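Questions regarding the structure given below will be posed in turn.
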Amino acid sequence: MKIPIDKPVLVTSALPYVNGECHIGHLRTYVPADIYVRMLRKMGYNVRFISGSDTHGTPIVLSAEAQGITPEKVVEKYHEHFKQVFKTLKVDFDYYGQTDSESNHVRTDKIVNKLIEKDYVYKKVVKQAYCNTCGRFLPDRYVEGKCLHCGAIARGDECDQGCGKHLEPSEIIEPKCKICGNDAVFKEQEQFFFALSTFAEFLSSYLDKLGGTLNARNYAREWVKKELLDWCITRNLEWGVKFPGSEDLVVYVWVDAPIGYISFTEELLKGNGDWKKYWKDDEAAIVHFIGTDIIYHHCIFWPAMLKGAEYSLPDAVVASGMVKINGEKFSKSRGNVIWTTEFLERFHPDTLRYYLVAQSSHTKELDFSWDSYSMRVNNELVGVLGNLVHRVLTFARKNYAVVPEGDIEKEVFATIETRRAEVVNAVEEYEFKKLVDAVMALADFGNRFFHREEPWHLIKQGEEGRARAGLVIKNALQLLKAVCILLEPVMPEKMEEMWHQIGMESDVHSVKLDELMVPIESGQALGKPKMLFKRIET
RNA sequence: AGCGGGGUAGGGUAGUUAGGAGAUCCCGUCGGGCUCAUAACCCGGAGACCGGUGGUUCGAAUCCACCCUCCGCUACCA
C-alpha cells in the first residue's frame with residue numbers, strides 16, 4: 001500500500017500478553033514492524049510507532065493465583081521484561097504502554113458506553129460453567145468434559161479429540177473445572193453481547209478496501225461470508241476494565257486490548273488532542289502489525305467496534321506467519337520453544353533481526369532451525385557483507401588512510417538506484433525478505449565489482465595505477481555507504497558501527513534515502529576495520 | 001466435515017495477483033580462478049518431466065476442472 005508522503009502514519013504492533021516471557025515467535029511481528037517504521041522514516045514519512053502490554057484476562061489472574069501474588073505484580077514483571085527485550089533488540093517504540101492504565105480504562109469506558117448508547121450492546125442470559133470449589137465462572141477453555149455426541153473428552157466449546165463437532169458449552173457432559181479438577185455446574189448468568197452480526201455488510205465492503213497483507217483480508221472474508229455471531233463482551237472477573245454500570249463484570253479482554261492502541265496514542269501525545277487526528281478525523285494512516293493468529297480480532301471485531309463507536313478505521317493490517325521450530329509447532333509445555341533472552345545471551349540481536357526477515361516471506365510460516373540460522377549468518381552476514389566491508393576497508397586503510405579521489409561510476413549509481421527502488425517496493429508490499437534480498441544483492445555486486453577491478457594489481461602499477469585503484473576503492477566505499485543506509489532498518493547497531501568504519505560522522509539512523517546518491521567525500525578519514533559479524537562454529 | 005495455505009533440482013526457497021525467451025536465489029556437489037579479505041571472495045558445470053491427470057491457449061509453474069498429499073485454522077490462543 002502506497003501512503004501519501006504528507007500523511008502521518010501510525011504503526012502499531014500487536015500487544016504481547018504479559019503472563020510469560022518473550023520467545024522468538026513474538027518477534028516475527030515486532031521486528032518487521034520496527035523495520036517498516038525505520039524504513040518509512042528514511043523515506044521521509046512522519047511516523048509514530050506504538051505498542052504496549054496486554055494485561056487483563058483470565059490467564060493472568062490464574063497465573064497470579066498460582067504464584068500467590070496479585071495480577072498487578074504478574075503484569076509488572078513481564079511488562080518490564082518485554083520492555084527490556086525490545087530495548088535490547090532495538091525495537092524502538094515511540095511509546096510502549098499497558099492496558100491497565102488510567103487512560104485505557106477511561107477510553108474503554110467511553111467506547112463501550114457509546115456502543116451501548118447506539119444500541120449495539122444487549123443483555124442476554126446464558127448458561128455458563130461455574131466451579132463451586134474455585135468459586136468462579138469458568139471461561140470455555142477451562143472446562144473439560146465429555147462430548148454430547150461421541151463421548152470423547154471435549155474441551156471448551158469443541159470436541160477436539162473425538163468427532164470434532166462444535167459444542168455449546170452447556171452440551172458438555174460431566175463438566176469439570178480444569179483449574180482445580182473438581183466438578184463444575186452450569187449456571188444461568190446475565191451477560192452483555194456486542195451486536196457484531198449487524199456489521200456484516202459494513203465489514204464486507206471495509207475488507208475490500210483494507211490494505212496490508214492478503215492473508216489477513218482473505219481469512220477475515222471467510223468469516224464475514226459465513227454467519228457472524230454476536231460477541232459476548234463481559235466476563236465475571238475482578239481484574240479488568242469494569243463494564244459500565246456493573247460491579248461484578250469486566251469487559252472481555254479483546255475489548256480493552258485494542259483500545260490500547262488509542263489510549264497509547266493519547267498517552268504519547270499527552271493530552272493536546274492530537275490523538276484525534278489519528279483516531280477521530282481520519283487524517284492519518286493506521287497500520288496494524290499482528291500475527292496470523294489474531295486476524296479475526298483485528299479485521300472483524302476491532303473495525304466493527306471502531307465503526308460502532310465512531311472512530312477512524314485501520315488502513316492496513318499486516319499479518320505475519322507463525323514461527324515453528326525444526327518443523328514443529330511452538331509449545332511451551334513440550335519445551336519446543338526458544339526464549340529470546342537466552343538467544344540474545346549467545347548471539348547479537350541484529351543477526352536475529354536479519355534472520356527473522358531473511359528466512360522466509362512475511363506472511364508465510366517461518367521454520368526456525370539452528371542450521372538455517374548459522375548458515376545465514378556465516379554465508380550472508382559474514383561471507384558476503386562482513387567480508388566485503390573488511391576487504392575494502394583493509395585495502396583502503398593500508399593504501400590511502402582516507403577516502404581516495406575519484407568520481408562515482410554510472411554503473412555503481414545505477415545499481416544502487418535499482419536496489420533502492422526494489423527496497424521501497426518491498427516496503428510497500430510488506431515483503432521484508434525482498435527488502436534484505438535486494439540489499440544483499442547490492443553487497444554481492446560490491447564483491448563482484450571489487451574482484452573484477454582488481455585494485456590489488458592496479459596499486460602496483462605506478463601513479464596511474466594507484467589513481468585507478470583509488471577510484472575503485474571510492475566506488476566500493478560508495479556501495480558500502482548505500483548498503484549501510486538500506487540495511488540500517490534491519491540491523492541498526494551493526495550498521496551504525498559500519499557507518500563509522502567507513503568514516504561517516506552523521507547519524508545513520510536519521511539519514512534519509514536521498515543520501516544514497518550523495519558521493520562519499522574524498523579525504524574523509526576511514527575508521528579501523530573491525531569484523532562486523534563473527535562466524536558461528538557448528 | 002468445512003475453510004485457508006502449501007507441494008518447484010539432494011535440502012531450503014523465489015516466481016503464480018496482471019500466462020511468454022535457456023525457471024530464481026542460498027546451501028551442498030564438481031571443476032577452475034583470485035590472493036585485498038573472517039578457509040572468505042570470483043567464474044563455470046552437473047542436477048527440476050515446477051504433486052498427478054485432463055482442459056483453455058500460438059504459448060502455462062502461472063488460468064480452469066478433478067484428484068493425491070502435507071500443514072494450519074474453526075472465535076476468547078503470539
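Chain A is the first sequence line, chain B the second, and so forth, proteins listed ahead of strands; every chain is numbered from 1. Fair warning: this is a prediction, and the values are worked out from it, not measured in the lab.
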Exercise for review: Pick base, sugar-phosphate or nothing for A/Ile294, based on heavy-atom distances below 4.0 Å to the nucleic acid.
Suggested key: sugar-phosphate
Practice item. For B/C50, give its Watson-Crick or G-U wobble partner with both distances under 3.5 Å, or none. Key: none
Check your understanding: Checking all strands, does A/Gly386 fall into the base, sugar-phosphate, or nothing category for heavy-atom contacts under 4.0 angstrom?
Key -> base
Point to revise | Who pairs with B/G44 - Watson-Crick or G-U, where each distance is under 3.5 Å | key: B/C30
Review point. What interatomic distance, in whole Å, is found between P of B/C71 and the corresponding atom of B/U53?
Key: 24 Å
Check your understanding: In whole Å, what separates the C1' atom of B/G19 from that of B/C64?
Key -> 13 Å
Exercise for review: Answer with base, sugar-phosphate or nothing: what part of the nucleic acid does A/Phe450 contact at a heavy-atom distance below 4.0 Å?
Suggested key: base
Check your understanding: In terms of the nearest nucleotide of RNA chain B, which residue is placed more toward the 5' end: A/Arg28 or A/Asn447?
Key -> A/Asn447
Review point. Considering only B/A78, B/U13, B/U38, which nucleotide approaches the side chain of A/Leu532 most closely?
Key: B/U38
Exercise for review: Assert yes or no for the condition that the ring centre distance of A/Trp254 to A/His297 is strictly below 6.0 Å.
Suggested key: yes
Point to revise | d(CG, A/Asn387; P, B/U35) in whole Å | key: 15 Å
Study note, to complete from the structure: Ranking B/C41, B/A78, B/G12 by distance to the side chain of A/Val384, first place goes to B/C41
Exercise for review: Start with the C-alpha gap between A/Tyr261 and A/His298, add the side-chain angles, then the distance that decides, and say whether ring pair (Phe, Tyr, Trp, His ring centres under 6.0 Å) holds.
Suggested key: CA-CA 11 Å; A/Tyr261 295 138; A/His298 283 78; 5.7 Å; yes
Point to revise | Complementary nucleotide for B/A9 - Watson-Crick or wobble, under 3.5 Å | key: none
Point to revise | A/Tyr373/A/Phe347 aromatic ring centres below 6.0 Å | key: yes
Practice item. For A/Arg217 and B/C73, give me the distance from atom CZ to atom C1', rounded to whole Å. Key: 19 Å
Check your understanding: Can a side chain N or O of A/Arg535 be found less than 4.0 Å away from OP1 or OP2 on B/A40?
Key -> yes
Using atom names, set out every protein N or O paired with an N or O of nucleotides 28-34 of chain B below 3.5 Å, distance rounded to 0.1 Å.
unit_1, atom_1, unit_2, atom_2, d
B/G33, N2, A/His451, NE2, 3.2

Check your understanding: How long is the line joining CE of A/Met440 and P of B/C41, in whole Å?
Key -> 10 Å
Practice item. Give a yes or no on whether the ring-centroid distance for A/Tyr17 and A/Tyr78 is below 6.0 angstrom. Key: no
Point to revise | Of A/Glu380 and A/Arg452, the one whose closest RNA chain B nucleotide lies more 5' | key: A/Glu380
Revision key, fill the gap. From the candidates B/U38, B/A14, B/G11, the one with an atom nearest any side-chain atom of A/Lys433 is B/A14
Review point. Do the ring planes of A/Phe194 and A/Phe199 sit parallel (below 30°), tilted (30 to 60°) or perpendicular (above 60°)?
Key: tilted
Study note, to complete from the structure: A/Phe395 has its side chain closest, among B/C42, B/C36, B/A37, to B/C36
Review point. Rounding to the closest angstrom, what is the interatomic distance between B/U29 and B/A37 at atom P?
Key: 25 Å
Exercise for review: Report the distance from atom CZ of A/Arg448 to atom P of B/C25, rounded to the nearest whole Å.
Suggested key: 10 Å
Review point. What's the spacing between A/Arg468 CZ and A/Glu453 CD if we round to 0.5 Å?
Key: 8.0 Å
Check your understanding: Which nucleotide in the list B/C27, B/U38, B/C36 gets nearest to the side chain of A/Phe533?
Key -> B/U38
Exercise for review: To the nearest Å, give me how far apart CG (A/Leu471) and P (B/C36) are.
Suggested key: 20 Å
Check your understanding: Do A/Arg353 and A/Tyr30 meet the cation-pi criteria used here (NZ or CZ under 6.0 Å from the six-membered ring centre, within 45° of the axis)?
Key -> no
Practice item. Name the nucleic acid region contacted by A/Asp54, choosing base, sugar-phosphate or nothing; use a 4.0 angstrom heavy-atom cut-off, strictly under. Key: nothing
Exercise for review: Quickly work out the A/Asp437 CG to B/G15 P distance and round it to whole Å.
Suggested key: 10 Å
Review point. Would you call A/Arg452 and A/Glu411 a salt bridge, using N to O less than 4.0 angstrom?
Key: yes
Practice item. Please check the phosphate of B/C26 (OP1 and OP2 only) for any side-chain N or O of A/Arg376 closer than 4.0 Å. Key: no
Point to revise | Residue A/His390, side-chain atoms from C-beta onward, closest of B/A37, B/A14, B/C41 | key: B/A37
Point to revise | A/Trp231-A/Phe193 aromatic ring centre distance below 6.0 Å | key: no
Exercise for review: For nucleotides B/G54 and B/A46, find the distance between their P atoms and express it as a whole number of Å.
Suggested key: 30 Å
Review point. A/His23 has a side chain; which of B/U13, B/A78, B/G15 sits nearest to it?
Key: B/A78
Review point. When the P atoms of B/C26 and B/G6 are considered, how many whole Å apart are they?
Key: 24 Å
Review point. Whom does B/U35 pair with, Watson-Crick or G-U wobble, provided both distances fall under 3.5 Å?
Key: none
Exercise for review: With P as the reference atom in both, quote the distance from B/G44 to B/C50 in angstrom, rounded to an integer.
Suggested key: 26 Å
Exercise for review: Could you give the distance separating B/G11 and B/C58 at their P atoms, to the nearest angstrom?
Suggested key: 37 Å
Point to revise | Interatomic distance, A/Leu480 CG vs B/A37 C1' [rounded to whole Å] | key: 12 Å
Check your understanding: Considering only the C1' atoms, how many Å lie between B/G10 and B/G28, rounded to the nearest integer?
Key -> 8 Å
Check your understanding: Between A/Phe49 and A/Phe93, what is the ring plane arrangement, given parallel below 30°, perpendicular above 60°, and tilted in between?
Key -> tilted
Review point. Which nucleotide, in any strand shown, forms a Watson-Crick or G-U wobble pair with B/A60, with both distances under 3.5 Å?
Key: none
Exercise for review: Round to the nearest Å and state the distance from A/Tyr355 atom OH to B/C26 atom P.
Suggested key: 18 Å
